[in-house]
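Below is one structure, written out as structure tokens, with a few remarks after it.
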Number of protein chains: 2
Amino acid sequence: MIIEIDFNSDEAIYMQLCNQIIYGIATRAFSEGDALPSVRKLSEEIGINMHTVNKAYTVLKDEGFVKVDRRKGVVIAVDINHLEDLKEVKLELLRTLAKASCKGISREEVHGLIDEIYEEYGGYRA
Amino acid sequence: MIIEIDFNSDEAIYMQLCNQIIYGIATRAFSEGDALPSVRKLSEEIGINMHTVNKAYTVLKDEGFVKVDRRKGVVIAVDINHLEDLKEVKLELLRTLAKASCKGISREEVHGLIDEIYEEYGGYRA
DNA sequence: GCGGTTGTTATACATAATATATAACAACCG
DNA sequence: CGGTTGTTATATATTATGTATAACAACCGC
């Protein structure tokens with residue numbers, strides 16, 4: 001899993017980290033139980049501060065993507081609360097699709113995009 | 001069109017304004033050519049600073065949702081660039097669906113959410 | 001136990017983003 | 001002319017973001 005940070009982006013570094021790790025879980029680069037690099041190693045590897053990595057890990061923990069294992073450090077551990085998760089995803093979709101609808105993007109086109117993306121992600125895991 | 005600002009939200013006020021106006025266009029509360037309240041009136045009505053409203057209008061202008069009419073002020077004017085728009089929507093969906101896929105939300109469930117939302121938005125305008 | 005690791009917390013600092021407050025400007029309208 | 005429009009400029013306060021250094025308890029391998 002290669003993590004790339006765009007220092008010219010308007011998106012905060014810790015948020016880029018979060019999104020790339022979530023993307024890594026979705027694309028199976030990370031699996032349940034896998035350990036992430038320690039805050040010190042990852043910060044040194046990327047060339048950023050330790051606290052920036054720690055903030056990303058804290059957000060991922062709060063959002064239920066990782067947990068802290070006293071022996072292994074931070075490990076992938078997806079916490080599922082289906083109704084809650086659906087609600088949050090719908091909220092984000094409401095924003096994105098408002099833009100899409102305004103711009104004349106049809107429902108069928110959106111369904112097509114969903115299929116393209118889920119082909120990459122592979123969908124639900126057994 | 002009633003605009004509600006949550007001052008306890010972690011989302012910037014000008015961004016909440018943008019999103020609500022885009023939502024208003026999607027739900028047909030605003031139509032092409034309709035004038036938005038002036039920066040001074042809207043800021044007074046909501047109880048925020050004039051520049052905050054102006055920043056929201058500037059973002060909407062840059063993203064192609066409104067334009068400035070010397071006589072009517074800021075009016076709804078959706079600028080369509082289909083390929084560009086599709087690309088941006090797909091980028092946002094990549095983020096949202098990565099989360100969804102991690103959380104075990106199936107492709108079919110996402111399609112269902114899309115249909116629910118597009119029912120409210122009404123889809124493409126003739 | 002020792003040395004090194006883990007996440008975590010505290011403090012301090014610098015920069016950028018956000019929001020407010022006043023003020024002024026050209027362009028337009030009745 | 002008087003009042004509106006968006007726009008720009010300046011100044012200030014607060015928060016968010018990122019860095020820097022240091023320390024802590026808990027754990028691991030030796």
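Reminder, nothing fancy here: chain letters follow the sequence lines and each chain counts from 1.
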Counting side-chain heavy atoms from C-beta on, which of [options] comes nearest to [X]?
X	options	answer
B/His51	C/dT6, C/dT8, C/dT20	C/dT20
A/Arg70	C/dT18, D/dA20, C/dT6	C/dT6
B/Val39	D/dT17, C/dA23, D/dG6	D/dG6

* Asked: Is the count of non-hydrogen atoms from other residues, nucleotides or ligands lying under 6.0 Å from A/Glu120 atom CD greater than 12?
  -> yes
According to a strict under-4.0 Å criterion, is [X] in side-chain N/O contact with OP1 or OP2 of [N]?
X	N	answer
A/Thr52	D/dT17	no
B/Asn54	D/dG6	no
A/Tyr14	D/dT17	yes
A/Lys55	D/dT17	yes
A/Lys72	D/dA26	no

* Asked: Touch check for B/Lys61, heavy atoms < 4.0 angstrom, all strands: base, sugar-phosphate only, or nothing?
  -> sugar-phosphate
* **Degree of bending in the helix from C/dG1-D/dC30 to C/dG30-D/dC1 once both end axes are built from five pairs, to 10°** =>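 Axis angle across the helix from C/dG1-D/dC30 to C/dG30-D/dC1, nearest 10°: 30°.
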* **Residues forming a ring-ring contact (aromatic ring centres under 6.0 Å, His included) with B/His82, sequence neighbours excluded** => none
